[in-house]
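Note that ligands are numbered from 1 as they come in the structure, with each ligand's atoms numbered from 1 the same way.
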Amino acid sequence: MATTAPSQAALPPQFQRLAVLGVGLLGGSFALAAKRAALAREVVGYSKSPSTIQAAIAAGVIDHGAESALQAATGADLVVLAVPVAAIGPLLRQIRHGLGSSALVVDVGSTKADVAEAAQEALGSAALQFVPCHPIAGSERSGVQHARTTLFDGRRVVITPLQANPARFVDAATQVWEALGGVVSVMDPAEHDAAFAAVSHLPHLLAFAYVYSVARQPRGPSFLQLAGPGFRDFTRIAGSDPTMWRDVFQANSDQVLQQLQWFKQAVAGFEAQLRQGNWSVLESLIRQASQSRQDWASPTPADDAT
Ligand code: NAP
């Protein structure tokens, strides 16, 4: 993974019209950060629910709404797709014929190999304008009401360029993210998906499964009443959006299954020590895990997920 040096440009790039497709947590935060950076003269939004568009206008997140993705993207010179990953391909197909040849299109999806493939299928020769991106910023809270101007400040943004992307589009995407406060790294999409299966997708799967297992026990509800900070910290991400996470698991199932094997092997090891009463071996396993966790320098403050 290569971290790009901050671009030399003293001024952020300027766009006439930013189209935000999917005005939720990520899309709304993109719009707010773009406004702070004066990145575009106008910000138009399109989202599946008209009520979301109304809420985004009322909160000053977007300047106005569009009735379709195509309408929003037509005439835009910067388009961001901030929808669940399975919706990215269909949306690109819808906007293809409205895209100007110099418009830059980016996404914020949590998986990248599937998005790259979907973009190539949906856009054909126009795929060269689409630069796949994943900001490592967000939270378990979804919806435009949680959008924040500062969401991307100091956060890593992984760009996984398509082979078809000319350098000018990758450079422009880099400058956009830097203007929004991000720190850009460039990665191969498969490498991205393998890494994020380990450090994001599997932990989400485990958090969902763990809460499911406790809540479904006959005495689960009364146990939950007693839960404290450890439970809260371990399960915060289990409150994340189901559609978004179904899409992530579907898109990256091979890598998540591979990580699940590593995890099952580790759990089996811990379980064996418990069963056999090998307390010193159990302590040694805990010690190794505890040290790895202490050695890990978090790049994100405690209130942020992914
Ligand atoms: P979110 O808050 O739920 O926002 C998604 C928005 O997209 C919602 O407003 C939603 O609908 C709209 N939408 C869904 N399908 C659509 C479609 N077909 N056409 C138009 N709009 C559609 O979710 P989010 O957390 O911002 O996630 C968005 C993307 O960011 C996902 O791809 C996710 O993988 C990625 N991501 C998330 C995080 C995170 O921590 N949350 C971090 C990094 C990347 P309504 O109009 O009905 O409201």
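With respect to R141 and D241, no salt bridge is recorded, no charged nitrogen being found less than 4.0 Å from a carboxylate O. In this structure, R17 does not pair ionically with D63, as no charged nitrogen and carboxylate oxygen lie closer than 4.0 Å. Taking 4.0 Å as the cut-off between side-chain N and carboxylate O, D188 and K112 do not count as a salt-bridged pair.
Those atoms of ligand 1 with a heavy atom of V23 less than 4.0 angstrom away are 9 (O). The contact set between ligand 1 and V85, taken as ligand atoms under 4.0 Å from a residue heavy atom, comprises 32 (O). Close contacts between ligand 1 and S142 involve ligand atoms 1 (P), 2 (O), 3 (O) [criterion: under 4.0 Å to a heavy atom]. Close approach of ligand 1 to G143 is summarised as follows: ligand atoms under 4.0 Å from at least one heavy atom of the residue are 1 (P), 2 (O). Less than 4.0 angstrom separates some heavy atom of G109 from each of these atoms of ligand 1: 32 (O).
The shortest heavy-atom contact between F249 and H201 is CE2-O, 3.3 Å. Among all heavy-atom pairs drawn from L81 and L92, the shortest one is CD1-CD2, 3.7 Å.
Within the 4.0 Å heavy-atom criterion, the part of A137 lying near ligand 1 is the backbone and not the side chain. For E140, no heavy-atom contact with ligand 1 is shorter than 4.0 Å. With a heavy-atom cut-off of 4.0 Å, T52 touches ligand 1 through its side chain alone. With a heavy-atom cut-off of 4.0 Å, T243 does not touch ligand 1 at all. At a heavy-atom distance under 4.0 Å, only side-chain atoms of M244, from C-beta outward, approach ligand 1. Contacts with ligand 1 closer than 4.0 Å are made by no heavy atom of S240, backbone or side chain.
Remark: the S290 side chain and the Q294 side chain contain an N/O donor-acceptor pair separated by less than 3.5 Å. Side chains of T111 and D114: a donor-acceptor N/O pair is present below 3.5 angstrom, by distance only. Of the N and O atoms on the side chains of D295 and Q291, at least one donor lies less than 3.5 Å from an acceptor on the other residue. Residues R156 and S185 have side chains that bring a donor and an acceptor to within less than 3.5 angstrom of each other.
Under a 4.5 Å side-chain heavy-atom cut-off, the cluster of Ile, Leu, Val, Met, Phe, Trp and Tyr residues that includes L274 is completed by F270, W279, L282, L285, I286.
Residue contacts with ligand 1: P135 is placed with no nitrogen or oxygen under 3.5 Å of a nitrogen or oxygen of the ligand (distance criterion only). On a distance-only criterion, S139 and ligand 1 share at least one N/O pair closer than 3.5 Å. Note: no N/O pair closer than 3.5 Å links Y46 and ligand 1 by distance alone. Polar contact check, A87 against ligand 1: no nitrogen or oxygen pair lies under 3.5 Å apart. The N/O atoms of L91, backbone and side chain alike, include none that comes under 3.5 Å of an N/O atom in ligand 1. Where the criterion is an N or O separation shorter than 3.5 Å, residue side chain and backbone included, S49 meets it with respect to ligand 1.
Selection from P84, C133, P50 by nearest heavy atom to atom 15 (N) of ligand 1 gives P84. The heavy atom nearest to atom 30 (O) of ligand 1, considering only I136, V108, V158, I88, is found in V108. Nearest to atom 5 (C) of ligand 1 by heavy atom, out of G22, G28, A82, is A82. Of the options G138, A72, S47, the smallest heavy-atom separation from atom 11 (O) of ligand 1 is shown by S47.
Counting only heavy atoms from C-beta outward, the side chains of S280 and N278 never approach each other to under 4.5 Å. Looking at heavy atoms from C-beta onward, V80 lies out of side-chain contact with L21 at the 4.5 angstrom threshold.
Residue R141 places every heavy atom at 4.0 Å or more from ligand 1.
Within the structure, the ring pair (Phe, Tyr, Trp, His ring centres under 6.0 Å) test picks out no pair touching residues 46-85 (sequence neighbours left out).
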